Amino acid sequence: MTIWNLFNLMGGLALFIFGMNLMSDGLKLAAGSYLKNILEKLTKNKFVGMCVGAGLTALIQSSNAMCVMVVGFVGAGMMMLENCVGVLMGAKIGTTITGQLIAFNISEIAPVIAFTGVVLIMIFKKPAWKNVGNIIASLGILFIGLGMMSSAMKPLAQESWFQDILTGVSNPILAMCVGILFTVIIQSASASVGVLQMMVLNGVVGFGQAFYIMLGMNIGASVAPALASIGGKKDAKRVALIVVLFESIGMVLFMVLTQIFPDILNWMVATSPDNPSRQIANANTIFNVVTVLVLLPCSKYLVKLSRLIIRGDDGEESGNTLLFIDMNNYQTGTVLLGQIDSEVGRMHQLASTNLEAATREFYEKDVITEEQFHNNESTLDFLNKEITNALTRTNTLNLSVTEATHAGHLYHIVNDFERIGDHAENMHNYALAMKKEKNKFTGKALKDLKQLSLHVYNIFDLACEYFYAPDAETYQVIYDMEADIDEMVARMRNANIKRINKAKCGATEGLYFTEILVDLERIGDHSMNIAKAVKKFPVVKR
């Protein structure tokens, strides 16, 4: 084996990994905006969750990416721990599709495939077609890399020094450790198994030895979700632990079975006698499918075991703390946006709480404490800044067009939430001042205040609902409500002036009432802005 063979091997491996990552990124861009919705809605049943996990992983060609997403979604409270086990197991089945694809070994036409993809990228301007071109080009690059590796590996099988190394790792345990180490370095079980397929195809290693290396590669794949869970919530760490438990139990199961019944290996070879690459692909599929069949009925026990090993709860964190966004670890754009949405949900609740408290203070006692109100306002200011920073980070990640548009809309909505909090704070200060000065509104003024406040509560909550699920009818309702609020404010302002002129209320109370009307009207305007951020429908003016 010459130095050029080594260079070709390294170059082929580089192209193969690059092509696989590029294809995975392209597929995630094509499907990423739908992944979150699918995972949220279709994972309550563990068998359905398994099918969803298998299908989505086959689509994005990366079990690591899927497991990392699940860790992020559970950490953000978007998925329950119990609902994610089926998805994780299905992901392990879905990732074996890559090995089956590699076993076709279409290296001879790989340059044509890559050229076709590049042509699509250069000709078409629409992002969707460019994305298709990226996927096709990456598939060609992947197989070009496989072809280079295959050619470079042929002389390797004849080298005495390499044969001595293989002899040293002939023990199944050592072979498994080699597989773990290789996958930890490459960070992709699919890529690791693909390299192993080429080694078996060219006679570098035998099937028996390769099988145990493959078991180790599957365990090595659990490192990525484990890293993604560091610093996250305990449930996110439990997700990573479940992945490790799944792979480890499967490995022990097959180690024991193949030692007791050695013919199992012969049977796997017999699944494709003339194609060693397919033998490894089939063995990988069999390993993952059998492990899922054994462990899926026991999924609730895996969850219990994870809770037993990782004890306790996260506790009630509040104040100036990010509860869902994890800025320290690697995130996909889909996961980070999901976490941002959860933090935006916190802003909605905090702004809504302070808004109701500030208006009800004029006719109720002890709505919330002074400390609670100011803590909420401080947290709103903190979240506005931190969410904006997180949205800026999404610009460095691969986002689909839909996800990028959503991120742009979120820039606007978090600012509106913060401004609504400011207007609530203004009204809260007016209430405190009136109590200190022992001033009170008249019965008619309080009645008007309650009526207007209820309209403002409704438009705010409806605008937030519309932001995530826009439809023409809801937008029209919001538009009409905002017009109604403007009319109500004008009418109440005139009534307030009449009360002052007739000496039914003092000038100070009248001034406070006018300022409150201004704040409530502004909150209605900001609610309208939230809806306009995702406006898709024409308005029917009254």
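Position 1 is the first residue of the sequence; numbering continues from there. In this text the structure is predicted, and so the values were computed from the model without any measurement. Reckoned from all heavy atoms, side chains included, excluding hydrogens, waters and symmetry mates.
Side-chain contact, R278 with Q197: no donor N or O sits under 3.5 Å from an acceptor N or O. Side-chain contact, Q279 with T271: no donor N or O sits under 3.5 Å from an acceptor N or O.
Between the side chain of E418 and the main chain of N384, no donor-acceptor pair closer than 3.5 Å is present. With N415 contributing its side chain and Y411 its backbone, the two residues share no donor-acceptor pair below 3.5 Å. Of the possible polar contacts, one joining the E343 side chain to the I325 backbone as a donor-acceptor pair under 3.5 Å is found. Under the 3.5 Å distance criterion, the side-chain polar atoms of T96 are left unmatched by any main-chain donor or acceptor of K92.
A pairwise comparison of heavy atoms in I530 and A463 identifies CG2-O, 3.7 Å as the closest pair.
Partners of F182 under the ring pair (Phe, Tyr, Trp, His ring centres under 6.0 Å) rule, at least two apart in sequence or in another chain, do not exist in this structure. Judged as a ring pair (Phe, Tyr, Trp, His ring centres under 6.0 Å), and not counting sequence neighbours, the contacts of F254 are F287.
Relative orientation of the H409 and F467 rings is perpendicular, given thresholds of 30° and 60° on the angle between their planes. Aromatic ring orientation, Y475 versus Y466: tilted (interplanar angle from 30° to 60°).
When the shell of 6.0 Å around NZ of K532 is examined, it contains 12 or fewer heavy atoms from other residues, nucleotides or ligands.
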